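Have a look at the structure below before the remarks.
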Amino acid sequence: MKFNAFKLEMGEISLLTFNRPGVNLFSTEVLKDFIRALKALHSSKDIRVLVITGEGKTFLAGADIKELSTFTTVEAERFSRLFHEAMDLVEGLPRPVIAAVNGFALGGGCELILACDMVIASEAAVFGTPEINIGIIPGAGGTQRLASRVGRLRAKELIFTGRRTSANEAVAMGLINKVVPKEKLLEDVMALARTVASKPTQCLEATKALIDHGTLDKEVEAFSRMFSYEDRERLMKEFIKKR
């Protein structure tokens, strides 16, 4: 499949790279393509990990403000629902999703990293939810996912002020996992992806689902189910043999 604003390399470790000329932005057409790509990834039996990154100075600088400036309330609702569909597909991918943030992750770009399972950023990365500065609010799940990620008090501060945060501050507040040198970003992320991809698929799927939407009872059910897989028997035997 071909896309205008990003490229998708599918495999056990799939790589989606936003590469729009100039600045990476979410327009209606980009969102539609992104949804199409994500649905293909959901249908894939081969994928074990998805890595999302960007080229240039931006991971994603948010929505296309020029397009947004023309919207009526009806068009704005349609755009927000499209945005939510895309972010729900990222969050709902059964396998882990890792964001490799190379530069600015603002507005919709920040909302995208909130839908990912892990976030590794370069020292040059900048995060923020600046929508309030142009008279709107986060419209792709940001009010809910940001509060879940960093807590309600911190989320309110970031959204109310619209201020930007550095990669180091983002780590400190729990917004992202780790900061690495810019030149090592993709190398380190792919190493992490390979480690995660080496783990039993059923364990990855079960723990992701439980952390995101689980209960204690569902954990008992999932834990018990792991004993029906050959991976569990093999890995336990290998562990005992080593001891």
Side-chain angles (χ1 to χ4, degrees), residues 1-10 13-41 50-71 79-80 82-91 93 97-131 133-134 136 138-142 145-146 158 162 164-167 170 175-176 179-180 182-190 193:
M1 291 187 290
K2 291 186 178 181
F3 308 97
N4 291 324
F6 58 87
K7 57 184 177 182
L8 174 61
E9 302 166 53
M10 293 185 67
I13 299 176
S14 294
L15 178 63
L16 191 152
T17 306
F18 286 95
N19 60 354
R20 184 178 183 267
V23 178
N24 292 320
L25 295 170
F26 272 130
S27 65
T28 297
E29 293 309 311
V30 173
L31 280 172
K32 287 180 178 178
D33 267 2
F34 191 41
I35 289 169
R36 187 160 58 94
L38 289 166
K39 286 182 176 178
L41 288 162
L50 170 62
V51 174
I52 301 177
T53 192
E55 290 182 356
K57 295 182 179 180
T58 57
F59 172 72
L60 268 161
D64 187 338
I65 306 303
K66 187 175 181 180
E67 180 185 15
L68 262 60
S69 68
T70 69
F71 283 174
F79 183 80
S80 183
L82 193 68
F83 226 144
H84 273 260
E85 181 182 358
M87 298 304 105
D88 288 348
L89 284 167
V90 173
E91 186 177 62
L93 192 72
V97 182
I98 305 173
V101 183
N102 51 300
F104 290 99
L106 304 173
C110 190
E111 290 176 289
L112 173 56
I113 67 109
L114 291 170
C116 295
D117 299 298
M118 290 179 281
V119 186
I120 311 299
S122 83
E123 296 166 324
V126 177
F127 302 86
T129 50
E131 289 90 344
N133 295 327
I134 56 170
I136 59 174
R145 290 191 179 99
L146 185 58
L158 295 174
R164 298 178 179 186
T165 63
S166 67
L175 180 61
I176 66 175
V179 181
V180 300
K182 188 174 182 178
E183 64 274 9
K184 290 191 64 182
L185 176 63
L186 201 54
E187 176 187 340
D188 282 16
V189 169
M190 294 307 285

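Being a predicted model, the structure only gives us computed values, none of them experimental.
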How long is the gap from [atom1] on [X] to [atom2] on [Y], to the nearest 0.5 Å?
X	Y	atom1	atom2	result
L15	L186	CG	CG	6.0 Å
M190	L185	CE	CG	11.0 Å
L31	L82	CG	CG	5.0 Å
C110	R164	SG	CZ	11.5 Å
K184	I120	NZ	CD1	12.0 Å

CG (N4) with more than 12 external heavy atoms under 6.0 Å: no

CA sep, side-chain torsions, deciding dist, call: L175, L146, side chain to side chain contact (heavy atoms under 4.5 Å, CB included): CA-CA 8 Å; L175 180 61; L146 185 58; 3.9 Å; yes

side-chain contact (heavy atoms from CB on, under 4.5 Å) partners for [X], two or more places apart:
X	value
A124	S122, K182
K57	none
E55	K7, T17, N19
A99	F59, V101, I113, C116, V119

Pair F34 and F26, ring centroids less than 6.0 Å apart: yes

Steps toward salt bridge (Lys or Arg N to Asp or Glu O under 4.0 Å) verdict (K39, D88): CA-CA 11 Å; K39 286 182 176 178; D88 288 348; over 6 Å; no

side-chain hydrogen bond (donor to acceptor under 3.5 Å, both in side chains) against R20, all qualifying residues, sequence neighbours excluded: none

Step-by-step side chain to side chain contact (heavy atoms under 4.5 Å, CB included) determination, L89 to L41: CA-CA 10 Å; L89 284 167; L41 288 162; over 6 Å; no

Identify the two heavy atoms, one from [X] and one from [Y], that lie closest to each other, and give their separation to 0.1 Å.
X	Y	answer
N24	G54	ND2-CA, 4.1 Å
A121	I176	CB-CD1, 3.7 Å
A37	L8	CB-CD2, 4.0 Å
A63	L25	O-CD2, 3.8 Å
K2	R36	O-NH2, 3.4 Å
F83	G139	CB-O, 4.2 Å

Flag side-chain contact, heavy atom, 4.5 Å: E29 against D33: no

Any side-chain heavy-atom pair of V23 and F18 under 4.5 Å: no

Criterion side chain to side chain contact (heavy atoms under 4.5 Å, CB included) on V51 and I13, from CA distance to verdict: CA-CA 7 Å; V51 174; I13 299 176; 4.2 Å; yes

Pairwise side-chain hydrogen bond (donor to acceptor under 3.5 Å, both in side chains) hits with a residue in residues 103-119, at least two apart: D117-K208

F6 and F3 aromatic ring geometry - parallel, tilted or perpendicular at 30°/60° bounds: parallel

Exam field: side chain T53 to backbone A100, donor-acceptor pair closer than 3.5 Å: yes

Any donor-acceptor pair under 3.5 Å from S27 side chain to V30 backbone: yes

Side chain to side chain contact (heavy atoms under 4.5 Å, CB included) between F127 and L106, worked out: CA-CA 5 Å; F127 302 86; L106 304 173; 5.7 Å; no

Result of checking L93, V90, V97 against L38 for side chain to side chain contact (heavy atoms under 4.5 Å, CB included): V90

Between E67 and T28, a side-chain donor and acceptor under 3.5 Å: yes

